[in-house]
Protein chains: 2
Amino acid sequence: MNIGEIARRAGVSRSTVSYALTGRRPVSEATRRRIQAIIDELGYRPNAAARALKEGRTRTIGLVVPPAGRRLTDLQLGFVASVVDAAARADLDVLLSPSGGEHERSFERVVTGRRVDGVIVMEIRLEDDRVTRLRHGGLPFVGIGRTADPGDMSWVDVDYDTLIARCVHHLADLGHRHVALVNRNADLVAAGYGPGHRAQEGFARAVAERGLHGTQVCCGDDARSGQACAGRLLAERPELTAIATINEAAVAGMYHALSLAGLAVPGDFSIAGVAARHWAESLHPPLTAADVPADELGAQAVELLIQRIADPATPHRHLLVAPPISLRGTTAPAPSRR
Amino acid sequence: MNIGEIARRAGVSRSTVSYALTGRRPVSEATRRRIQAIIDELGYRPNAAARALKEGRTRTIGLVVPPAGRRLTDLQLGFVASVVDAAARADLDVLLSPSGGEHERSFERVVTGRRVDGVIVMEIRLEDDRVTRLRHGGLPFVGIGRTADPGDMSWVDVDYDTLIARCVHHLADLGHRHVALVNRNADLVAAGYGPGHRAQEGFARAVAERGLHGTQVCCGDDARSGQACAGRLLAERPELTAIATINEAAVAGMYHALSLAGLAVPGDFSIAGVAARHWAESLHPPLTAADVPADELGAQAVELLIQRIADPATPHRHLLVAPPISLRGTTAPAPSRR
DNA sequence: TTGTAGGCGTTATCAG
DNA sequence: CTGATAACGCCTACAA
């Protein structure tokens with residue numbers, strides 16, 4: 001079923017059918033109707049590959065996600081959902097590409113085979129060779145996250161540095177003197193995962209400014225690891241009264257470890273962090289946290305990408321968000337003694 | 001950068017370059033090497049659209065997911081991850097299409113514009129018009145889930161009927177007489193969501209066989225709703241001592257409601273269900289549940305789809321799994337009295 | 001208002 | 001072993 005077949009049945013030329021479809025040139029009402037009737041009857045749709053070949057664009061964007069083997073956090077899932085949603089609103093399709101590990105070929109195909117008009121890359125590292133390759137390949141792209149030298153790329157990101165610093169200040173204001181930062185998993189941080197490092201910096205800075213005693217640990221991205229990690233912290237640092245964290249998936253486990261240790265949240269121990277709102281609210285108790293607006297960030301990333309595709313020469317744009325901390329009751333004045 | 005350019009620089013014809021690339025006809029080692037060197041130097045990759053147009057296939061499969069607005073459960077996320085993974089292993093790309101609601105156009109584009117060679121559809125309803133349209137359009141597809149009359153389509157599915165019945169029998173064996181089924185959200189079940197209905201059937205049958213008192217309720221797919229739902233159940237049915245559920249996302253909330261009511265799990269109250277293993281294990285306490293092998297199901301769905309694409313006339317195949325219930329300690333003998 | 005013709009980048013058929 | 005050439009289905013000057 002192609003445009004020629006429609007033209008034949010309608011008794012017109014292929015170009016007339018094409019123009020009737022795109023409206024880029026006037027077509028008499030009568031023939032337009034006749035053509036439309038046949039199209040409806042046969043359920044014809046233009047072949048996407050042929051159109052892409054002719055127009056030089058695919059009306060598809062790539063979304064490079066962390067390798068499927070590793071579980072996506074609730075926040076990452078939020079990004080995926082909002083990107084797909086925003087793309088659909090702009091009549092763009094989304095091609096998923098797991099990157100890293102064994103999936104080099106997938107990334108290579110998507111990026112270099114002109115399968116997409118542009119790419120959104122998630123979970124950007126401080127030094128990220130996917131970014132290097134995209135730059136080299138000349139394909140428009142936008143990061144959710146940014147590299148160490150983010151001047152010459154477009155991105156949207158969460159200001160983990162500022163947010164974790166704010167958490168620490170908040171805890172310090174409440175009288176906490178011994179606080180810990182629970183980071184994402186060690187492999188990720190070691191690989192140069194931006195939020196992990198920027199959270200460390202913000203934490204160190206705020207701890208220094210307020211003259212606190214700070215500890216930093218990495219922790220697997222799940223409840224189990226959270227429990228083990230918090231248990232270890234409590235054992236090694238009995239003077240600890242508060243945790244700041246960017247590891248939303250581990251928080252439920254931390255709660256559990258605390259309750260096993262006989263510590264009430266927030267009476268005996270405070271926790272504050274950065275998380276997806278949905279997740280923060282569904283925890284028991286709901287977590288005091290800076291709520292990352294994943295919807296907005298995803299939509300903005302698509303917006304930025306659409307602009308770069310339309311005009312690759314346009315200056316790079318950035319969006320760094322630092323949403324306020326929503327108090328939900330997991331922070332309270334430090335206990336007078338333990 | 002196209003095949004002609006490579007040919008020009010290598011001093012050969014385009015067809016020779018093409019054959020050197022595909023290996024579909026012998027090429028002398030010398031010229032093959034020369035061509036390859038130039039390809040490597042220029043970073044050439046064949047244009048996917050041109051290839052798709054010529055070959056009549058896109059090397060891409062569509063994955064139709066529930067609308068992005070609604071949150072995916074951990075299990076659904078597992079399906080997405082395993083499908084993407086299995087597709088990447090087969091050198092297939094995955095085009096994501098949110099279906100339902102405002103995203104009709106996306107589904108239509110993917111299905112009818114020859115953008116993909118085949119489709120995997122998630123969250124199939126007993127009567128599902130996406131299935132109807134796919135059938136009508138003649139595009140190969142595989143369901144994760146099945147319709148009410150699943151004979152003439154290929155699918156992989158979880159046997160919720162059997163699994164929930166097993167949960168009930170397990171609870172009955174432990175002496176429970178009053179049990180409730182906590183289903184997925186009411187909208188979904190009302191829309192004919194297969195697992196919801198099949199769970200109801202299995203529950204009703206097992207309850208009847210064992211002469212138990214059963215109740216069924218729907219419950220939003222999140223911890224909050226789980227808490228509200230379990231709270232309501234306990235208030236209205238104080239004689240209740242056990243819950244069977246397919247709503248993994250609500251379980252944490254149920255735990256909370258039970259603990260608020262002063263009921264210990266499993267001492268005073270038992271829960272058993274169907275869930276992703278990862279999720280069941282990360283709950284506190286870990287949930288006794290039939291562990292759905294999302295990885296296997298996703299991989300099998302891709303496998304089935306690849307076969308259907310290769311030969312659309314091949315008979316339909318089905319995979320219905322009923323994994324054993326893993327005892328993790330949320331079920332115990334019914335309390336002698338309450 | 002409509003038709004003709006050329007080309008997007010590949011692959012495959014037919015010659016050599 | 002290699003080259004020329006014709007499609008694949010669509011869009012869009014250029015003509016009429």
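Computation of the quantities below employed the complete heavy-atom set of this structure, encompassing side-chain atoms and omitting hydrogens, waters and symmetry-equivalent molecules. Throughout, a chain's letter reflects where its sequence line sits, starting with A, and its residues are numbered from 1. Everything numeric in this text was worked out from a predicted model, so none of it was measured.
Nearest heavy atom pair, residue B:Pro46 against residue B:Arg51, reads CG-NH2, 3.4 Å. Closest approach of B:Arg105 to A:Ala88, counting heavy atoms only: NH2-O, 4.2 Å. Residue B:Ala191 comes nearest to B:Arg125 through the heavy atom pair CB-NH1, 3.1 Å, listed as atom of the first residue, atom of the second, then distance. Considering all non-hydrogen atoms of both residues, B:Ser99 and B:Arg130 come closest at OG-NH1, 2.9 Å.
Comparing B:Glu55 and B:Pro26 against DNA chain D, the residue whose closest nucleotide sits nearer the 5' end is B:Pro26. Comparing A:Leu21 and B:Ser28 by the nucleotide of DNA chain D whose heavy atom lies nearest to each, the residue mapping closer to the 5' end is B:Ser28.
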Please produce a list of atom pairs where a protein N or O lies less than 3.5 Å from an N or O of nucleotides 14-16 of chain D.
from: D:dC14; atom 1: N4; to: A:Arg25; atom 2: NH1; distance (Å): 3.4

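Under the salt bridge (Lys or Arg N to Asp or Glu O under 4.0 Å) criterion, the residue pairs touching residues 109-120 of chain A are A:Arg109-B:Asp91, A:Arg109-B:Asp93, A:Arg115-B:Asp93, with sequence neighbours excluded.
Atom CD1 of B:Ile35 sits about 9.0 Å away from atom CD1 of B:Ile6, to the nearest 0.5 Å.
Side-chain contact annotation: A:Asp40 with A:Gln36, donor-acceptor N/O pair under 3.5 Å present. In the model, B:Thr16 has a side-chain atom that pairs as donor or acceptor with a side-chain atom of B:Ser13 under 3.5 Å.
Proximity of residues 34-43 of chain B to DNA chain C (heavy atom under 4.0 angstrom from any strand atom) is not detected for any residue. Only at 4.0 angstrom or more do the heavy atoms of residues 104-119 of chain B sit from any atom of DNA chain C, so none qualifies.
Within the 4.0 Å cut-off from OP1 or OP2 of D:dC11, not a single side-chain nitrogen or oxygen of A:Ser15 is found. At D:dC11, one or more side-chain N or O atoms of A:Arg51 fall inside 4.0 Å of OP1 or OP2 (strictly under the cut-off). Neither OP1 nor OP2 of D:dG9 sits under 4.0 Å from any side-chain N or O of A:Asn47.
Once you apply a 4.0 Å limit to the heavy atoms of chain A, the touched nucleotides of DNA chain C run 5' to 3' over C:dT1 to C:dG9.
Around CD of A:Glu127, the count of heavy atoms belonging to other residues, nucleotides or ligands within 6.0 Å does not exceed 12.
Here the side chain of A:Gln76 pairs a donor or acceptor atom with the backbone of A:Thr73 at under 3.5 angstrom.
At a threshold of 4.0 angstrom between heavy atoms, the contacts of B:Thr16 are confined to the sugar-phosphate backbone, with no base atom among them. Residue contacts shown for A:Arg24 are limited to sugar-phosphate atoms, with no base heavy atom under 4.0 Å away.
Counting only heavy atoms from C-beta outward, the side chains of A:Ile144 and A:Val83 approach each other to under 4.5 Å.
Taking B:His316 as the reference, nothing meets the ring pair (Phe, Tyr, Trp, His ring centres under 6.0 Å) condition, with sequence neighbours excluded.
Relative to the side chain of A:Ser18, the nucleotides D:dC11, D:dT2, D:dC10 differ in distance, and D:dC11 lies closest. When distances are taken from the side chain of B:Leu53 to each of D:dT12, D:dT2, D:dC8, the shortest belongs to D:dC8.
Only one option out of A:Val131, A:Val116, A:Ile120, A:Leu304 pairs with A:Phe141 in a side-chain contact (heavy atoms from CB on, under 4.5 Å); it is A:Val131.
Rounded to an integer number of Å, the gap from B:Arg8 CZ to D:dA4 C1' is 18 Å.
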